[in-house]
Colleague: 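I'd like to ask some things about the structure below.
So you know, we letter chains A, B, ... as the sequences are listed, proteins then strands, and number each from 1.
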Amino acid sequence: MEFKAPRGTKDILPAEIEVWDRLVDTAKSVFGRYGYKRIETPVFESTGLFTRAIGETTDIVKKEMYTFKDKKGRELTLRPEETAPVVRAFIEHKMHVEGSLFKVFYWGPMFRYERPQAGRQRQFWQIGIEAIGSPDAALDAEVIQMASVYLHEIGLTGVKIHLNSVGDKCCRPKYTDALKVFLKQESEGFCEDCRIRADTNPMRVFDCKNRACGAKLREAPVIMRYLCDECKRHYADVTGYLDDLGIDHVHDDHLVRGLDYYTRTTFEIKHADLGAQDAVCAGGRYDDLVKQYGGPESPAIGFAIGMERAMLAVRTGNDREEEKSLDGYIIALGDDAKRKGMLLASNLRAKGIKTAYDFSGKSLKGQMKNADKAGSRFAVIIGENELKDGSVTIRDMETGEQRSVPVKEADTWLTKDSGI
RNA sequence: GUGAACGUAGCUCAAAGGCAGAGCACUGGACUGUGGCUCCAGUGGUUGGGGGUUCGAGUCCCCUCGUUCACCCCA
């Protein structure tokens, strides 16, 4: 075969689209219930938008972006994530209203040039939300609860909410300094990657899966001890509200975020069946990002859910019986019957009856088989006998019962709840 | 970017250097205008692509593309 879907991309075929649509429909329903409105932003943006927001030293910016120049030489990038575009739109359209929240949700494809793996693709879809305009810890709790409700409503069970705080611009530097000192002192105990991380982005050592490093990290300074009073208080409030809401969560000292813009609350929702890429949802606060981009002081929080990962996790134990996708399947025998059949199909569809017409030109037997495979409730047969008296034969594909009815009454028989 | 395994019919997989096969699916028949069950028969392949070794390669070697898993990183 000459052409295949590009590496790291996937077709979603009709057989799986039902689950896919459910993820989207549930997003509309759940996030709408919390007062979120949908936003749609371009799939590509100026490259600088992402390099500054995400961080020059992050892997996403350094090696994973689909960047290109257009014909006028503009530097553009296929979006690797959606927070920066939403923030850009928020500022550009001056959506800031003093004392009120900008609450939006979205779904769409994101692009990162990575080696594909279970739950990781080059084009992948995210469903996410952003709430811009409040520092309130109660908002954090509501957002986390909303994510949890969403995952519950798409039928995901066995998820675990991990929570941490990464501090803000005054207390985080103190912590990273302390961590750096520790990593330098104990450098023999760490792998090569971690030694490099000590300089570039020390908090990322907590992501290391090397067992020796993990053991060593138990002695590392813990960020909670270094948080300023405001951050400490904020985090305590978030967990307090979550407890009030009855949302299970675990504190995770080692939960750090890869993107530079995060402040204070960070969280991940993990699922055990996903393999190495076990986060189905991740998010956190980004209190400085809007200001940093020239907007008004607007503390904010958001999260994103990986749709393909959610699909993988939902897949297990979800073999629901599929609904009959057709009400009527029209089988015409001969040219005259064909004309009648086409017209009948058209009339039935106009009345909202799901109707397919058989174009195979096969025998009655062959067309009956097609009706069976198509999953129709009824077969509607038009042959010589029916042409003579202006009737059609309607056969219930479940019970095998059938009866002859006038063409004009076909619609009422096809919409009957039961029996024929 | 690094490492490992894998790539054979539409699908799931056999064939341990010697005739490319099975099950399911598909098509036809038994059953002439009646689907599902059963039985019988049939169609279907440049063994991912390219090169090499060999009398002979699906099998061994090299390159390449892709898949999977892990690392890295992340949704």
Side-chain angles (χ1 to χ4, degrees), chain A residues 1-10 15 23 54 57-64 79-83 107-128 147 151 191-194 196-197 200-201 204 207-210 255-259 267-271 274-284 302-313 329 331-334 337 358 360 362-376 378-387 393-402 404:
Chain A
M1 214 185 99
E2 194 180 353
F3 295 112
K4 290 180 179 165
R7 179 154 213 215
T9 67
K10 239 178 80 180
L23 298 188
I54 299 168
T57 63
T58 61
D59 277 24
I60 291 180
V61 167
K62 276 198 306 199
K63 50 189 201 198
E64 294 177 1
R79 62 184 179 194
E81 59 100 47
E82 185 62 6
T83 298
W107 70 87
M110 307 293 155
F111 306 84
R112 291 179 200 173
Y113 189 89
E114 296 183 277
R115 193 90 167 249
Q117 186 184 332
R120 193 172 74 184
Q121 298 165 223
R122 291 184 173 178
Q123 175 177 327
F124 60 101
W125 287 64
Q126 285 188 338
I127 292 179
L151 294 176
C191 69
E192 211 184 309
D193 286 333
C194 281
I196 297 168
R197 291 187 187 105
T200 55
N201 200 337
R204 212 82 60 73
D207 283 333
C208 188
K209 281 168 188 155
N210 186 306
L255 176 65
V256 294
R257 308 270 62 229
L259 284 55
F267 66 98
E268 260 180 35
I269 306 184
K270 300 185 184 215
H271 192 274
L274 284 179
Q277 319 300 325
D278 59 356
V280 68
C281 171
F303 65 72
I305 290 161
M307 281 183 75
E308 289 86 356
R309 289 187 190 177
M311 288 268 282
L312 285 175
Y329 191 93
I331 295 172
L333 304 166
D358 190 301
S360 69
K362 289 185 187 174
S363 65
L364 174 60
K365 183 192 175 92
Q367 295 195 49
M368 284 296 293
K369 278 193 177 183
N370 289 343
D372 194 33
K373 272 181 283 193
S376 184
F378 298 101
V380 180
I381 302 163
I382 309 174
E384 277 179 38
N385 303 340
E386 288 79 2
L387 279 181
T393 298
I394 295 179
R395 179 182 178 88
D396 185 320
M397 295 301 282
E398 194 87 24
T399 64
E401 291 172 278
Q402 62 183 46
S404 174

Colleague: Base, sugar-phosphate or nothing for A:G283? Non-hydrogen atoms, less than 4.0 Å.
Modeller: nothing

Colleague: Think A:R115 has a side-chain N or O under 4.0 angstrom from the OP1 or OP2 of B:U67?
Modeller: no

Colleague: Rounded off to whole Å, could you give me the CD-to-P distance for the A:Q121 and B:C74 pair?
Modeller: 18 Å

Colleague: Does the side chain of A:L333 reach to within under 4.5 Å of the side chain of A:E384, using non-hydrogen atoms?
Modeller: no

Colleague: In whole angstroms, how far is the P atom of B:G66 from the CZ atom of A:F3?
Modeller: 14 Å

Colleague: Base, sugar-phosphate, or nothing for A:G334, non-hydrogen atoms under 4.0 angstrom?
Modeller: nothing

Colleague: Mind calculating the distance between NZ (A:K362) and P (B:G35) to the nearest angstrom?
Modeller: 13 Å

Colleague: In this structure, how many angstroms lie between the C1' atom of B:C69 and the CG atom of A:L312, rounded?
Modeller: 13 Å

Colleague: Heavy atoms only: give me the nearest A:E308-A:W125 pair and the separation to one decimal.
Modeller: OE1-N, 3.0 Å

Colleague: Can you check whether any acceptor in the base of B:G35 is under 3.5 Å from a donor in the side chain of A:Q402, or vice versa?
Modeller: no

Colleague: Round to the nearest Å and state the distance from A:D278 atom CG to B:C69 atom P.
Modeller: 14 Å

Colleague: Across the strands shown, which category fits A:I127 at heavy-atom distances under 4.0 angstrom: base, sugar-phosphate, nothing?
Modeller: nothing

Colleague: For A:E81 and for A:P6, find the nucleotide of RNA chain B with the closest heavy atom, then tell me which residue's nucleotide is more 5'.
Modeller: A:P6

Colleague: Return the set of residues passing side chain to side chain donor-acceptor pair (under 3.5 Å) with A:K63 (not counting sequence neighbours), or none when no residue passes.
Modeller: A:D59

Colleague: About how many Å separate CG of A:L23 and CD1 of A:I305, when rounded to the nearest 0.5 Å?
Modeller: 9.0 Å

Colleague: For A:K365, answer base if it contacts any base atom (sugar-phosphate contacts may also be present), sugar-phosphate if it contacts only those atoms, and nothing otherwise; contact means non-hydrogen atoms under 4.0 Å.
Modeller: base

Colleague: With RNA chain B as reference, determine whether A:R7 or A:L364 sits nearer its 5' end, using the nearest nucleotide of each.
Modeller: A:L364

Colleague: Just how far, in rounded Å, is P of B:G10 from NZ of A:K373?
Modeller: 17 Å

Colleague: Look at the side chain of A:R120 against the base of B:C73 and say whether a donor-acceptor pair falls under 3.5 Å; ignore hydrogens and angles.
Modeller: yes

Colleague: For A:D358 and B:U34, give me the distance from atom CG to atom C1', rounded to whole Å.
Modeller: 13 Å

Colleague: Sequence neighbours left out, what passes side chain to side chain donor-acceptor pair (under 3.5 Å) with A:E82? Give chain and number order.
Modeller: A:T41, A:R79

Colleague: Hey, does the side chain of A:Q117 come within less than 4.0 Å of B:C71's phosphate (OP1/OP2), counting only N and O?
Modeller: yes

